[in-house]
Amino acid sequence: MVDFEKLRKKSIELAKKTIRESISEDNFIINSINNIDELTKVANVLTKRLRDWYSLYLPEFSKKISDNEAFVKLIVSRKRKELMQEMNIKESMGTELSAKDLKPIMEIALRINSLYKLKENLKEYLEQVMNSYCKNLSTITGALLGAKLLEQAGSLKKLAMMPSSTVQLLGAEKALFRHLKTGARPPKHGTILQHPLVSSAKKTNRGRYSRVLADKITIAVKTDYFKGKFIGDKLKTELEERLK
Amino acid sequence: MILLDKKFPNIFKDKKNIYTKSLDKKTYFEERTKREGKNVYREWDPKRSKLAAGLIKGISQIGFKEGSIVLYLGASHGYTVSFVSDIIGKNGFIFAIDIAPQVTRDLVRLAEERNNIAPILANCNHPEEYKDTVSKSDIVYQDIAQKNQVQIFLKNCDAYLNSGGFGLLALKARSMDVTKKPKDLFKQVMKELEEKISVVDYRVLDPYEKDHALFIVKKK
Ligand SMILES: C[S@@+](CC[C@H](N)C(=O)[O-])C[C@H]1O[C@@H](n2cnc3c(N)ncnc32)[C@H](O)[C@@H]1O
């Protein structure tokens with residue numbers, strides 16, 4: 001007779017232990033990058049609303065500062081008069097607001113500003129973790145893009161086992177699927193497009209650049225995973241040479 | 001509340017949904033419930049569970065009985081496992097296997113509450129990995145969405161399924177080959193299965209799951 005209760009007790013204990021011991025930098029990195037992405041989205045949505053509201057007060061200013069983070073930072077740190085002076089706004093279509101009507105606007109602005117600060121702190125933390133866990137990758141891609149690739153692969157191990165052609169198309173699964181199924185044009189790059197060397201390239205060069213970048217990333221990640229030497233700066237120089 | 005079908009124990013329906021009678025009157029996945037007298041019925045969502053989808057699509061056999069011993073491959077958070085736990089009851093038992101540690105936290109919590117579940121972290125591509133923690137079973141259920149899912153399924157049926165036992169394979173066409181039409185792929189799988197084991201029934205699971213099918217096999 002099988003003693004199911006004994007097997008169950010043993011399995012629960014073992015599973016708990018395995019779950020506990022499986023927690024690694026991968027989890028820290030994936031949670032950080034997911035939260036950074038989410039904070040970015042939330043802060044942008046809230047800032048859009050804030051711009052509407054603030055435009056009752058000083059609409060000309062919102063038009064002049066398109067960057068959301070800079071917009072929020074400035075309105076929490078400067079008075080209306082100062083902003084008008086600095087931006088050379090002579091006359092406004094907005095109106096002076098009573099302290100009571102201004103208060104909620106400023107309160108929201110302050111909260112959004114602290115969301116941006118939180119995001120900065122998270123980025124710093126992520127950079128530290130990436131630099132000690134996969135410095136070669138992080139040197140080539142920067143912490144954010146490197147973390148995103150790791151997140152999409154699932155772990156550093158999985159990313160290290162991927163062929164370079166798969167790395168190149170991480171994040172473009174939908175387009176790839178469409179291509180295989182319907183014969184639509186194949187995607188040339190996925191998340192990797194965020195890399196400045198690729199995104200700043202001419203459109204016709206992007207496919208080739210992505211391939212070269214994916215090759216280097218693959219070498220970097222394998223070296224990180226197998227705890228090899230630091231070759232990130234060498235890879236980065238080679239990359240910049242080839243993509244000049 | 002009435003039985004969905006006399007063949008299937010502990011599975012119920014009303015006009016809109018299907019349910020299982022909760023073994024311990026508790027819920028685990030924020031599922032809706034219905035009470036009748038002393039009983040609590042847990043609503044079983046076919047969009048979250050391929051077994052529920054198969055049942056709603058009229059599958060003729062599932063093999064699960066009160067007291068069945070089940071080897072469940074790809075248990076994940078344990079959503080379907082929790083309903084199987086209701087169906088087989090307190091004299092049945094489920095060996096619930098998954099490979100991903102952080103995904104299975106809910107499964108472990110469920111197993112702590114339900115005496116008929118053992119959570120096991122292992123790769124079911126290597127059945128010998130868990131030979132000391134599982135027993136021969138009346139049913140092998142697999143839902144893992146991997147490229148070689150058919151071979152994995154057959155390996156496990158070979159190693160752990162009792163003769164006369166049922167195997168249920170939830171198949172995701174996309175994870176096997178995206179270039180093939182799901183329909184052709186299902187045909188090919190059918191052939192592959194039939195070389196080794198007899199196929200009793202199968203159902204395509206849309207609209208609940210796109211490009212998925214549930215195969216029921218029986219071991220001689
Ligand atoms: C589609 S989900 C299963 C959902 C679950 N059956 C339900 O209905 O609630 C697939 C699961 O299979 C697991 N899996 C994939 N490959 C595996 C393998 N080789 N061994 C064990 N589990 C695996 C994944 O970790 C994932 O949790």
- Query: For chain A, which of B:Thr179, B:Leu107, B:Asp132, B:Leu121 has the most heavy-atom pairs under 4.5 Å?
  - Reply: B:Leu121
- Query: Does A:Ser11 reach the side chain of B:Phe95, with side-chain heavy atoms less than 4.5 Å apart?
  - Reply: no
- Query: Counting heavy-atom pairs under 4.5 Å to chain B, which of A:Ile12, A:Leu7, A:Leu176 comes out on top?
  - Reply: A:Ile12
- Message: I'd like to check B:Glu112 versus A:Lys16 (side-chain heavy atoms, cut-off strictly below 4.5 Å). Are they in contact?
- Response: yes
- State whether the number of non-hydrogen atoms from other residues, nucleotides or ligands found under 6.0 Å of A:Lys157 atom NZ is greater than 12. no
- Message: Please check if the number of heavy atoms outside A:Lys119 that lie under 6.0 Å from its NZ is greater than 12.
- Response: yes
- Hey, is NZ on A:Lys73 packed in by over 12 heavy atoms from elsewhere, all under 6.0 Å? no
- Note on the structure: Whatever's closer than 4.5 Å to a heavy atom in chain B on A:Leu14 counts as neither
- Given the options A:Ile30, A:Asp26, A:Ile23, B:Gln102 meets side chain to side chain contact (heavy atoms under 4.5 Å, CB included) only with A:Ile23
- Item | Heavy-atom neighbours of B:Lys219 NZ exceed 12 at 6.0 Å | yes
- Task: Using a cut-off of 6.0 Å, state whether more than 12 heavy atoms not belonging to A:Glu120 lie near its atom CD.
- Result: yes
- Message: Can you confirm whether B:Phe93 sits close enough to A:Val2 that some side-chain heavy atom of one is under 4.5 Å from a side-chain heavy atom of the other?
- Response: no
- What part of B:Arg109 lies closer than 4.5 angstrom to a heavy atom of chain A: side chain, backbone, both or neither? neither
- Item | Per-residue contact mode, A:Phe177 against chain B (heavy atom under 4.5 angstrom) | side chain
- Message: I'd like to know if the side chain of B:Arg105 reaches the main chain of A:Ile19, judged simply by a donor and an acceptor atom lying under 3.5 Å from each other, with no hydrogens or angles considered.
- Response: no
- Message: Please determine whether side chain to side chain contact (heavy atoms under 4.5 Å, CB included) holds for the pair A:Phe4 and B:Asn116, giving the CA-CA distance in whole Å, both sets of side-chain angles, and the decisive distance to 0.1 Å.
- Response: CA-CA 8 Å; A:Phe4 289 109; B:Asn116 61 5; over 6 Å; no
- Item | Close approach to chain A in residues 142-173 of chain B, criterion heavy atom under 4.5 Å | none
- Task: Answer yes or no: does atom NZ of B:Lys210 have more than 12 heavy-atom neighbours from other residues, nucleotides or ligands under 6.0 Å?
- Result: no
- Item | Residue pair B:Asn115 / A:Arg8, side-chain heavy-atom distance below 4.5 Å | yes
- Item | Top contributor to chain A contacts, counting heavy-atom pairs under 4.5 Å, from B:Ala111, B:Pro119, B:Ala118 | B:Pro119
